[in-house]
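This report refers to the structure that appears directly beneath it.
What you are looking at is a predicted structure, and each value in this text was computed from that prediction instead of being measured.
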Amino acid sequence: MNITINKTSDCEAQVTATVPADVVSEKKNRILAAITRSVRIPGFRPGKTPTSVVAKRYAEELQAELEQDLSQDLQNEVATQHTELTVMEYSEISFEKQDDGSYTLSTTATVIPEFELPEYKGLAVTLPAVKVTDEEVDKALQNVADARAEFVTVERAAAKGDLLKLDFTTEVEGQKPSDFCGEPVGIMDGREGYTLSTADNAFIPGWSDGLIGLAAGETKELVLTMPEDFVYDKLAGKEMTFRCKVTEVQERRVPEVNEELFAEMLPGKNMDEIRTIVRENLQHRKEQENEEAKADQVTEQLADKLSYALPQKMIDTENNNTVRRKMQEALQKGEYAALKDVDAFRQNCLPETERNLRVYFALQKIAGIEHVTATDDELIRAVASLAEQEGEKNLRKYIQKLQRANRLTGIRMSIVTSKVLDLLVRNAKVTYTGAEEAPAAAEVPAEAPAEQA
């Protein structure tokens, strides 16, 4: 395969490849032979169907596999012949068959821009000493008890921390909220049998606090001002009347911390043994957190030392991904106000996007210097994991699907990125606060699962 590369910008290169007719013919014959062995055509014994019949009936499959093979060869050849380029992705590859049977392939490669790497070995990081206190063990045990708490109906006035069952109606400027807004507003129109926690003020300040002191059967009218960043824009800042009737008061009861509480998770263990297991689990968790913090500090330091320009097209594409991810996170946390001005939200994401891109490019460049690669076995494991996540049962067809979408290069680069980051973390110079020397890793007994308590 003869490859010509013409760099059209800092981050793009036009790639053209010519595949001789004899190479194309050899590939087609090999693919055709494989198809012939696997197909079943009436009138012919398995594996004995004339290749001319198979070639005609399975022409589309033959061409698709040929193009996939040529596409993979192109990417492999660029990686080996042009080590000065680190390709992030390829655009859709076009295939043109010539009169002599040869093929011409063309595509645009997105490449890492040229820049100077800062010193990346022996980056200094600071971590807390991995030390578990008795107070932390007590808190972990209490957290288990808190998670097993139950709410029990009581005959008394509501207090802070109780759950209230109530019926309520609402009004804003003399109208039903949905009529006022001209659109559905969910529970803001009122509900019967609604459960409200008095542990906090829910999403309407003053609502739950205003009902403390009421017993079952008692009523109260509250006039509450909706927050300025309220999820329903037309109700934001408005005064709303809530007419509430408490139908039930439930008290939160937390079980005692004892062997019985842990009998299902840790059968036959006494409290001393349970405390030991919890301590080991906390130790293991802190060590994991330290490893994550170490990686974060390494990437932050690397990002601080990188300031080269990035192509706007690449920034825009990656920022769209950042915006989608951040929006999903905000929605999951109920931070709806942050999403009201999408343009501002997009602008706020830009610094993170640019830092991430620069670090990503730096890690790929370090990979070339340190000869870090992704093996075929690592790629297959990563692809198999993705196939399982996406519910794909036929791994071979899934790989072909990834090849057609040019996703294999990105997957391979993600593996390389992870391995380079591991390398930088291993070589980081660590200072531990609260300890005279770096703590030794704690050994967690095999029989004690890391998240038992």
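No more than 12 heavy atoms of other residues, nucleotides or ligands shown are found within 6.0 angstrom of CD on Glu26. The neighbour count for Gln98 CD, taken as heavy atoms of other residues, nucleotides or ligands under 6.0 Å away, is above 12. Heavy-atom contacts from other residues, nucleotides or ligands closer than 6.0 Å to NZ of Lys7 number more than 12. Counting non-hydrogen atoms of other residues, nucleotides and ligands closer than 6.0 Å to CZ of Arg30 gives a total above 12.
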Would you be so kind as to tabulate the donor-acceptor pairs closer than 3.5 Å made by side chains of residues 109-124, with sequence neighbours excluded?
| unit_1 | atom_1 | unit_2 | atom_2 | d |
| --- | --- | --- | --- | --- |
| Glu119 | OE2 | Lys121 | N | 3.0 |
| Tyr120 | OH | Glu370 | OE2 | 2.5 |
| Lys121 | NZ | Glu370 | OE2 | 3.3 |

Atom pairs and distances, side-chain donor-acceptor, residues 375-389, under 3.5 Å, sequence neighbours left out:
| unit_1 | atom_1 | unit_2 | atom_2 | d |
| --- | --- | --- | --- | --- |
| Thr375 | OG1 | Glu378 | N | 3.1 |
| Thr375 | OG1 | Glu378 | OE1 | 3.4 |
| Glu378 | OE1 | Thr375 | N | 2.9 |
| Glu378 | OE1 | Lys419 | NZ | 3.1 |
| Glu378 | OE2 | Lys419 | NZ | 3.1 |
| Ser385 | OG | Gln389 | NE2 | 3.4 |

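Asp272 is linked by a side-chain hydrogen bond (donor to acceptor under 3.5 Å, both in side chains) to nothing, counting only residues two or more places apart in sequence or in another chain. The salt bridge (charged side-chain N to carboxylate O under 4.0 Å, His left out) test applied to Asp316 returns no partner, not counting sequence neighbours. For Asp73, the side chain to side chain contact (heavy atoms under 4.5 Å, CB included) test picks out Met1, Lys27, with sequence neighbours left out. Under the side-chain hydrogen bond (donor to acceptor under 3.5 Å, both in side chains) criterion, Glu67 pairs with Gln63, sequence neighbours left out. In this structure Lys365 satisfies the salt bridge (charged side-chain N to carboxylate O under 4.0 Å, His left out) test with no other residue, sequence neighbours excluded. Every residue two or more places apart in sequence or in another chain that forms a side-chain hydrogen bond (donor to acceptor under 3.5 Å, both in side chains) with Gln142 is listed here: Asp146. Scored by the salt bridge (charged side-chain N to carboxylate O under 4.0 Å, His left out) test, Glu318 finds no partners at all (sequence neighbours excluded). A search for salt bridge (charged side-chain N to carboxylate O under 4.0 Å, His left out) contacts involving Glu352 returns Arg325, Lys326, not counting sequence neighbours. The side-chain hydrogen bond (donor to acceptor under 3.5 Å, both in side chains) test applied to Thr299 returns no partner, not counting sequence neighbours.
Between the side chain of Ser197 and the backbone N or O of Leu163, no donor-acceptor pair lies under 3.5 Å. Judged by distance alone, with hydrogens and angles left aside, the side-chain atoms of Ser25 form no donor-acceptor pair with the main-chain N or O of Ala21 at under 3.5 Å. Between the side chain of Asn290 and the backbone N or O of Pro128 there is at least one donor-acceptor pair closer than 3.5 Å. Of the possible donor and acceptor atoms, none in the side chain of Asn319 sits under 3.5 Å from a partner among the backbone N and O of Ile315. When atom types are taken as modelled, the side chain of Thr80 and the backbone of Glu77 share a donor-acceptor pair closer than 3.5 angstrom. At least one donor-acceptor pair closer than 3.5 Å links the side chain of Arg279 to the backbone N or O of Val132. Between the side chain of Glu273 and the backbone N or O of Asn270 there is at least one donor-acceptor pair closer than 3.5 Å. For Asp69 (side chain) and Gln72 (main-chain N/O), no donor-acceptor pair under 3.5 Å exists by modelled atom type. Judged by distance alone, the side chain of Thr18 and the main-chain N or O of Thr104 form no donor-acceptor pair under 3.5 Å. A donor-acceptor pair under 3.5 Å is absent between the side-chain atoms of Glu96 and the main chain of Tyr103, judged by distance alone.
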Item to complete: Start with the C-alpha gap between Val254 and Arg148, add the side-chain angles, then the distance that decides, and say whether side-chain contact (heavy atoms from CB on, under 4.5 Å) holds.
Response: CA-CA 7 Å; Val254 181; Arg148 297 292 185 89; over 6 Å; no
Worksheet item: Run the side-chain hydrogen bond (donor to acceptor under 3.5 Å, both in side chains) check on Tyr232 and Glu183 step by step: do they pass?
Response: CA-CA 10 Å; Tyr232 296 108; Glu183 61 185 4; over 6 Å; no
Practice prompt. Output, in order, the C-alpha distance, side-chain angles, deciding distance and verdict of salt bridge (Lys or Arg N to Asp or Glu O under 4.0 Å) for Glu136 and Lys286.
Written response: CA-CA 12 Å; Glu136 288 173 320; Lys286 284 191 172 189; 2.8 Å; yes
Discussion item. Using the rule given for side-chain hydrogen bond (donor to acceptor under 3.5 Å, both in side chains), can you reason through Thr108 versus Gln14, listing the C-alpha separation, both sets of side-chain angles and the distance that settles it, and then say yes or no?
Written reply: CA-CA 5 Å; Thr108 300; Gln14 187 64 36; 3.1 Å; yes
Discussion item. Test side-chain hydrogen bond (donor to acceptor under 3.5 Å, both in side chains) on Thr431 and Thr126; report intermediate values, then the result.
Written reply: CA-CA 5 Å; Thr431 299; Thr126 303; 5.0 Å; no
Fill in: Arg252 vs Glu150, salt bridge (Lys or Arg N to Asp or Glu O under 4.0 Å): CA-CA, chis, key distance, verdict
CA-CA 6 Å; Arg252 183 171 181 266; Glu150 296 180 343; over 6 Å; no
Worksheet entry | Chi angles and distances behind the side-chain contact (heavy atoms from CB on, under 4.5 Å) call for Leu66, Phe95 | CA-CA 10 Å; Leu66 173 64; Phe95 302 85; over 6 Å; no
Discussion item. Before you tell me yes or no, could you show the steps for Val19 and Ser102 under side-chain contact (heavy atoms from CB on, under 4.5 Å), namely the whole-Å CA-CA distance, both residues' side-chain angles and the distance that decides it to 0.1 Å?
Written reply: CA-CA 6 Å; Val19 186; Ser102 64; 5.9 Å; no
Worksheet item: Would Val359 and Asn356 satisfy side-chain contact (heavy atoms from CB on, under 4.5 Å), going step by step from the backbone distance to the final call?
Response: CA-CA 5 Å; Val359 170; Asn356 288 345; 5.8 Å; no
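Using a 4.5 Å heavy-atom cutoff, the side chains of Glu259 and Lys269 are not in contact. Taking the side chain as every heavy atom from C-beta outward, Asp209 and Thr198 never approach each other to under 4.5 Å. Residues Asp162 and Phe151 are not in side-chain contact: their nearest non-hydrogen atoms beyond the backbone lie 4.5 Å or more apart.
Taking CG of Asp134 as the start and CZ of Arg275 as the end, the distance is 5.5 Å to the nearest 0.5 Å. In this structure, the separation between CG on Leu62 and CG on Asn29 is 9.0 Å, given to the nearest 0.5 Å.
Legend: ring pair (Phe, Tyr, Trp, His ring centres under 6.0 Å) pairs involving residues 358-386, not counting sequence neighbours: none detected.
When only modelled atom types and interatomic distance are considered, Ser91 and Thr107 share a side-chain donor-acceptor pair under 3.5 Å. Side-chain contact, Asp189 with Ser178: a donor N or O sits under 3.5 Å from an acceptor N or O.
Salt bridge Lys294/Glu291: present, at least one basic N to carboxylate O contact under 4.0 Å. For Arg358 and Glu354, the salt-bridge test passes: some basic side-chain N is under 4.0 Å from an acidic carboxylate O. Salt bridge present: Lys401 and Glu392 bring a charged side-chain N and a carboxylate O closer than 4.0 Å.
Under the side chain to side chain contact (heavy atoms under 4.5 Å, CB included) test applied with Leu363, the options Leu423, Val416, Val372, Val420 reduce to a single match, Val420.
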